[in-house]
Amino acid sequence: MAAGGPALPQERRLVTDIPGPESRRLLARRDRSVARAVSHVLPVFITVAGGGVLVDADGNSLIDFGSGIAVTSVGNSAPEVVERVTQQVRRFTHTCFMVAPYEEYVSVCEELARLTPGGHDKRSALFNSGAEAVENAVKIARHATGRPAVVAFDHAYHGRTNLTMALTAKNMPYKHRFGPFAGEIYRMPMAYPLRWPTGPENCAEEAFADVTELIHTQIGEQNVAAVIIEPIQGEGGFVVPPDGFLPRLAEFCRENGIVFIADEIQTGFCRTGDWFASDHEAVVPDLVTTAKGIAGGLPLAAVTGRAVLMDAVHVGGLGGTYGGNPVACAAALGAITEMEKHDLAGRARHIGSVMLPRLSDLAARHPVIADVRGRGAMLAIELTVPGTLQPAPDVAKRIAAACHSAGLMLLTCGTFGNVLRFLPPLVIGDHLLDEGLSILERAVASAGPAGPVAHG
Ligand SMILES: Cc1ncc(COP(=O)(O)O)c(C=O)c1O
């Protein structure tokens, strides 16, 4: 069987249409057995992957600008991940940490204490998915403060479980007809520079004033357990809050005994060019949620935070059968080794320095691109009807489809579905980055004008 990982030829190679006949055959099988609600960005069935490419069942090799939604930052089947997972699988696969502990779990928590922002005394608890980590962060904050309310933001995405659906802003497809949702969640305006009514230059100041006033008048500071925010929003459109907003919000929380939770599930582990996006402005959250990039593709998530908060919860109050599974922990230790060995934070900054000028240049030539934003290897373009802020999701769809047909895996996002986001594996070669950008440039040039806004 062919092996994935970085040794895979790092090339785009199209040998059939996308999807090809073998993927279409598998898709027909899929349709008869898998719930249709679980959808695909691009229905090519992957057989091997590594570095910056995904190879499908027809032998097509696609350039990966998605990393499985910001997960395979170290690349698929990264050597240290494969090595440690293989050794761990041979030794034992599961005991349940709550039944009988093992060193790998402790080592991951030590690494989280070392790498997350702040030099304070920290503790961590491990889980399986990002949503589960967010749920637990809220549980911990409520328990530690004895307060009920949780503040989330417009355009936020925190997951698909009941509590995290309540925190997530966008109805379709995440929440539609899945309610009623968990209570005591309050939504605040997000500091979204492009769409700030009085202009981006006023965004940090006014958004902070709005949020704190709304908290004061509608909830009462003393009733708020936690404020949860993505330091750069993910699914909601790669919204980068203006400098100053996050530090002031964190300070406001500190002054009012509110737990400041940074959801770093998409931004964490080198993606934005620092270990965590909070590092950019030296923000020190009380709790940090992580998942995705933490374990090179295996399911692992964590809540890391101040020991006094984490240890406020009674013995036995946190856990789960699989949380911190030893194989996933081994993968995380391998992924962290890869990140340090290859300076993947530096690599993310390099990717940003290659991509941002090309994207800005593209925006200068195509007024349908209203904004180019992001940091490191977490970048996006927002598409609108030229000269307006009216979203152009139809153009985003056409560009993504053209890229897919040309062998570039690309994801969309945004509350209005009008954002193209770029999340390449941090180990992607410069030649693939260049080629992917050239494909994107051609797709934008041939996308045609924005049509009427499709709702739904
Ligand atoms: C910021 C953020 N929080 C939470 C989640 C939920 O993570 P998961 O899909 O692992 O439950 C995601 C997933 O996209 C995310 O981007």
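Remember, it's 1-based here, ligands and their atoms both numbered in the order they're listed. Positions are given from 1 along the sequence. For clarity, every value in this text was computed on a predicted model and none was experimentally measured.
- Every atom of ligand 1 is numbered from 1 in the order shown, and the set under 4.0 Å from a heavy atom of E230 is 1 (C).
- Distance screen at 4.0 Å: atom 9 (O) of ligand 1 has no protein heavy-atom neighbour inside the cut-off.
- Of the heavy atoms in E235, only side-chain atoms (C-beta onward) come closer than 4.0 Å to ligand 1.
- Every atom of ligand 1 with a heavy atom of Q266 under 4.0 Å away is listed here by number and element: 14 (O), 16 (O).
- Remark: aromatic rings of F422 and F238 are distant, center separation not under 6.0 Å.
- Close approach of ligand 1 to D263 is summarised as follows: ligand atoms under 4.0 Å from at least one heavy atom of the residue are 1 (C), 2 (C), 3 (N), 4 (C).
- Using bins of under 30°, 30° to 60° and over 60° for the plane-to-plane angle, the ring pair F97/Y102 lands in the perpendicular bin.
- With ligand atoms numbered from 1 in the order given, ligand 1 contributes 2 (C), 3 (N), 4 (C), 5 (C), 12 (C), 15 (C) to contacts under 4.0 Å with heavy atoms of I265.
- One finds no salt bridge joining E251 and R248 here, because no Lys/Arg side-chain nitrogen approaches an Asp/Glu carboxylate oxygen to under 4.0 Å.
- V108 has its side chain out of reach of S124: every pair of non-hydrogen atoms, C-beta onward, lies at least 4.5 Å apart.
- Salt-bridge formation is detected for the pair D394/R398: a Lys NZ or Arg NE/NH1/NH2 atom is positioned less than 4.0 Å from an Asp or Glu carboxylate oxygen.
- Short contacts between ligand 1 and S129, defined as distances under 4.0 Å to a heavy atom of the residue, involve ligand atoms 10 (O), 11 (O).
- Atom 6 (C) of ligand 1 has as its closest protein heavy atom A131 N, 3.6 Å.
- Taking the side chain as every heavy atom from C-beta outward, R306 and L309 approach each other to under 4.5 Å.
- At the top of the distance list for atom 7 (O) of ligand 1, counting protein heavy atoms only, stands G130 CA, 3.3 Å.
- Of the heavy atoms in K292, only side-chain atoms (C-beta onward) come closer than 4.0 Å to ligand 1.
- With respect to the salt-bridge test (charged N to carboxylate O, under 4.0 angstrom), the residues E382 and R421 do not qualify.
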